[in-house]
Amino acid sequence: MPFAPSPIERLARARSDLRMGLPVVLSGPDSAALVAAPEVLSSERLAEFLSEGEPVLAITHRRAETLKIRVYDEDLARLPMPRDMQARELHAIVDPKDDLSTPMKGPFRTERAGDATLHRAAIALVKSARLLPAALVRPVEDGEALAREVGLTTLDLGETDPLFAAAPKMSPVVSARLPMAAARAGRLHIFRPDDGGDEHYAVEVGQPNRDHPVLVRLHSACFTGDILGSLKCDCGPQLNGALAQMAAEGAGVLLYLNQEGRGIGLANKMRAYSLQDQGFDTVEANHRLGFEDDERDFRIGAQILRRMGFTEVRLLTNNPRKVDMLAECGLRVTERVPLAVGRNPLNADYLATKASKSGHLF
Ligand SMILES: Nc1nc2c(ncn2[C@@H]2O[C@H](COP(=O)(O)OP(=O)(O)OP(=O)(O)O)[C@@H](O)[C@H]2O)c(=O)[nH]1
Ligand SMILES: [Zn+2]
């Protein structure tokens, strides 16, 4: 059919539907389900969602551990939802903001029988929409028919699994000269993913020789640190320090990856900050929200470097995971160049947690 949306286009549409509080239909080889994101579901839609069938709430094992809920499906728990579940109660399960002030939730029963494949895919989908990682899932008989009847987006696991497994394909959009305070000889390249996601940027300093290892920084967006000069992290000084070092050496590439909050998005990062104000460290806060410590996909960075013609890099980082990921993506990391700048009394605990829990080398 002309103009029929492709799987990747439907995936982009599904993310945006979920963010708007609209359910989508997810189909597997032998079952289908209506899926919605609890964070943004209105009370009316929630009531509609719960009015039929056997709806469950899928939460990650991280969130389940925080709530002391039993996990039978390894990485997630399925909680049957009563028909009269109110939006306020649902939000209290998925959003940890009031965990300490109102610790009593439940009791919860975790479903044990049956298959969690659709639920796992539903959580991955909600996560990729940068919402709190939980999904309402209601099995339906004929997903296609339901979707057609009311105009919902449909996704087939056979089509979406490979899309989730592979990194989006990055294409160059435009590049132009950009003189910067740190380096006069600068050029900014814009790269666009084929999945409708955020664009990422490459700042090229000087004219790096493609035949030699290039000084590279993979910088993840940090609105609070990069723009506002937040003292809670070391991002701003690292951004400026990396550009200064590239300028001093005469060449380098800084990738500015729009993976705010280690890939959970700014709203969720602020939720994590709010938990940090309650005494949790950066890793614990991510877990209480239901996320892993680090949700970034560094394959995007590797792809951009390759597109730009680089295969050997000297990587400016304290994070050994970045070195490993680039190597796994086939780039040769000839050297890890430490980037220890921006330490201050307000980020000392944050940096200590990175060293003790995330393996950072300072
Ligand atoms: N979720 C979460 N993200 C944070 C927090 N503090 C900073 N960030 C994000 O963490 C990312 C920092 O990324 P990077 O500068 O690449 O830091 P890194 O992984 O520690 O590695 P190197 O700096 O290369 O050693 C940015 O996306 C920030 O927005 C936090 O407390 N919670
Ligand atoms: Zn930061």
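For the numbers below, each heavy atom of this structure counts, side chains included, while hydrogens, waters and symmetry mates do not. In this text the structure is predicted, and so the values were computed from the model without any measurement. Numbering of ligands and ligand atoms starts at 1, following listing order.
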Joint cluster assignment, [X] & [Y], ILVMFWY side-chain distance < 4.5 Å:
| X | Y | answer |
| --- | --- | --- |
| I190 | I304 | no |
| L100 | L67 | yes |
| L26 | L163 | yes |

[X] neighbourhood, listing ligand 1 atoms whose heavy-atom distance to it stays under 4.0 Å:
| X | result |
| --- | --- |
| N318 | 22 (P), 24 (O), 25 (O) |
| Q259 | 27 (O) |
| Q238 | 15 (O), 23 (O) |
| C222 | 28 (C), 29 (O) |
| N319 | 18 (P), 19 (O), 21 (O), 25 (O) |
| T317 | 21 (O), 22 (P), 24 (O), 25 (O) |

Which one holds for [X] and ligand 1: side chain close, backbone close, both close, or neither close, with close meaning a heavy atom under 4.0 Å?
| X | answer |
| --- | --- |
| A221 | backbone |
| Y273 | side chain |
| I264 | side chain |
| K232 | neither |
| N286 | side chain |

For [X] and [Y], test the side chains for any donor-to-acceptor distance below 3.5 angstrom and give the result as yes or no.
| X | Y | result |
| --- | --- | --- |
| D115 | T117 | yes |
| R288 | T66 | no |
| Q238 | H219 | no |

Protein N/O/S atoms closer than 2.8 Å to the Zn ion (ligand 2): C222 SG, C233 SG, C235 SG
Polar proximity ligand 1 side, [X] side, N/O cut 3.5 Å exclusive:
| X | value |
| --- | --- |
| G261 | yes |
| H219 | no |
| Y350 | yes |

Could you tell me the residue and atom name of the protein heavy atom closest to [atom], and the distance to it rounded to 0.1 Å?
| atom | answer |
| --- | --- |
| atom 13 (O) of ligand 1 | R296 NH1, 3.2 Å |
| atom 16 (O) of ligand 1 | K322 NZ, 2.5 Å |
| atom 17 (O) of ligand 1 | K354 NZ, 3.5 Å |
| atom 15 (O) of ligand 1 | R217 NH2, 3.0 Å |
| atom 12 (C) of ligand 1 | C235 SG, 3.9 Å |
| atom 32 (N) of ligand 1 | T282 OG1, 3.4 Å |
| atom 18 (P) of ligand 1 | H360 NE2, 3.4 Å |
| atom 4 (C) of ligand 1 | R262 NH1, 3.6 Å |

[atom1]/[X]: more than 12 non-hydrogen atoms of other groups inside 6.0 Å:
| X | atom1 | result |
| --- | --- | --- |
| K357 | NZ | yes |
| R13 | CZ | no |
| R306 | CZ | yes |
| D161 | CG | yes |
| E54 | CD | no |
| R210 | CZ | yes |

R321 to ligand 1, any heavy atom closer than 4.0 Å: no
Contact check, side chains of V71 and T110, non-hydrogen atoms, under 4.5 Å: no
Flag side-chain contact, heavy atom, 4.5 Å: R336 against T317: yes
Spatial distance of atom CZ (R62) from atom CD (E284) [nearest 0.5 Å]: 11.5 Å
Distance under 6.0 Å and angle within 45° of ring axis: R307 vs F191: no
Residue that, paired with R63, satisfies salt bridge (Lys or Arg N to Asp or Glu O under 4.0 Å) out of D75, D99, D95: D99
